[in-house]
Amino acid sequence: MPELPEVEVVRRGLAEHVVGRRIAQVQILGSRVARRHVAGPADLVARTQHTDVVTARRRGKYLWLVLDQPGDARQALLLHLGMSGQLLVRPPDAPDERHLHARFAFADEGPELRFVDQRTFGGLALAEVDPQGLPEPIRHIAPDPFDPAYDPEQVVTRLRTKRTEVKRALLDQTLVSGIGNIYADEALWRAGIHGARPTDRLTRPAARRLLGHARAVMAEALEQGGTSFDALYVNVNGASGYFDRSLAAYGQEGRPCPRCGAPIRRESFMNRSSFSCPRCQPRPRAG
DNA sequence: CGTAGATCCTGTTAGC
DNA sequence: TGCTAACAGGATCTAC
């Protein structure tokens with residue numbers, strides 16, 4: 001499940017293999033992958049072909065390629081991997097993947113960029129870029145913890161103002177972006193906080209610690225090339241990450257907590273699985 | 001407006 | 001063995 005570290009690995013792959021090349025031909029397969037592009041897939045194809053890829057950028061779990069089209073406004077090809085999306089750099093004569101949804105061929109006739117996605121939660125769209133360099137459709141996405149615009153003290157304030165549970169707040173991309181179910185559970189475990197704790201019952205220092213852990217665990221994952229679970233996620237080169245061996249809580253039901261030895265519990269929460277230590281992360285009392 | 005829950009999707013796995 | 005149901009979950013939409 002690509003969260004910030006995995007998406008950043010993909011961004012680096014795009015920077016290495018795609019930036020600086022001219023897109024020649026674009027193919028969109030099926031109606032779903034470009035559903036967020038309201039003008040339709042034909043419009044996306046027409047406006048993407050014969051552009052130069054200038055940079056590969058990221059905010060949270062969103063990626064975008066800045067495209068330079070001579071004499072036209074600067075635009076971005078916005079990408080989201082969803083749960084199972086992959087960007088692959090493949091030779092043009094390689095057989096089509098089972099769940100291939102988009103293909104970008106380049107003027108240099110080198111390797112193609114392919115968007116492959118089994119569960120089709122991912123997608124792409126062409127968007128205008130605002131003066132701050134952000135694609136319009138993701139202006140509501142908050143800076144992630146690695147963004148120079150990230151302001152942890154402001155996030156702490158906003159977090160404590162919310163009237164919800166702390167795990168839900170961590171997953172709220174308009175508060176802080178990039179954190180998904182896996183890293184939320186790891187950050188909560190490190191902080192010794194149960195995800196169902198009301199946000200307004202979190203002290204300022206505790207909130208600060210929690211966000212610091214979220215940033216740290218994602219930084220460590222990034223150093224190791226990202227987390228991979230169901231073999232669907234691979235980076236732009238097709239190599240899986242291996243950080244999953246370092247996870248303390250997520251997916252570890254029944255295994256001993258690395259800190260205290262109590263068996264990690266699994267709970268259903270927000271229609272998701274949540275993993276936590278029953279001793280280090282006591283459930284909040286009702287009321 | 002803010003929050004909560006439903007929904008999209010398909011390959012894999014668990015269970016009867 | 002073969003079928004059905006549960007499961008994985010990010011972001012958006014709708015309801016309250």
So with a 6.0 Å cut-off around CZ of A:Arg139, is the heavy-atom count from everything else above 12? no
Could I get the full list of side-chain hydrogen bond (donor to acceptor under 3.5 Å, both in side chains) partners for [X], not counting sequence neighbours?
X: A:Arg272; answer: none
X: A:Asp43; answer: A:His37, A:Arg47
X: A:Arg11; answer: A:Glu8
X: A:Glu112; answer: A:Arg103, A:Arg114

CA sep, side-chain torsions, deciding dist, call: A:Arg160, A:Asp200, salt bridge (Lys or Arg N to Asp or Glu O under 4.0 Å): CA-CA 5 Å; A:Arg160 296 180 68 247; A:Asp200 58 5; over 6 Å; no
Nucleic acid contacts - residues 263-276 of chain A versus DNA chain C, non-hydrogen atoms under 4.0 Å: A:Arg266, A:Arg272, A:Ser273
As a check of understanding: the bend across the helix from B:dG2-C:dC16 to B:dC16-C:dG2, end axes from five pairs, rounded to 10 degrees, works out to 50°
How are the rings of A:His101 and A:Phe115 set relative to one another: parallel (under 30°), tilted (30 to 60°) or perpendicular (over 60°)? tilted
Verify whether one side chain among A:Lys61 and A:Ser177 offers a donor that lies under 3.5 Å from an acceptor in the other. no
All pairs passing salt bridge (charged side-chain N to carboxylate O under 4.0 Å, His left out) where residues 78-95 of chain A contributes a residue, at least two apart: A:Arg90-A:Glu97
Under the criterion of centre distance below 5.5 Å and interplanar angle below 30°, is A:Phe121 classified as stacked on the base of C:dA11? no
Mind checking what makes side-chain contact (heavy atoms from CB on, under 4.5 Å) contact with A:Gln25, not counting sequence neighbours? A:Gln49, A:Ala105
Check whether A:Trp64 forms a cation-pi arrangement with A:Arg59 (NZ or CZ under 6.0 Å from the six-membered ring centre, at most 45° off the ring normal). no
Going by salt bridge (Lys or Arg N to Asp or Glu O under 4.0 Å), name the residues that satisfy it together with A:Asp151, two or more places apart in sequence or in a different chain. none
Could you work out, with ring pair (Phe, Tyr, Trp, His ring centres under 6.0 Å) as the rule, every residue matching A:Phe275, not counting sequence neighbours? A:Tyr250
Which is the 5'-most and which the 3'-most nucleotide of DNA chain B that has an atom under 4.0 Å from a heavy atom of chain A? B:dT3 to B:dG11
Per the under-4.0 Å heavy-atom filter, residues of residues 132-151 of chain A near DNA chain B come out as none
Rounded interatomic separation in angstrom, taking OH from A:Tyr62 and P from C:dG10: 12 Å
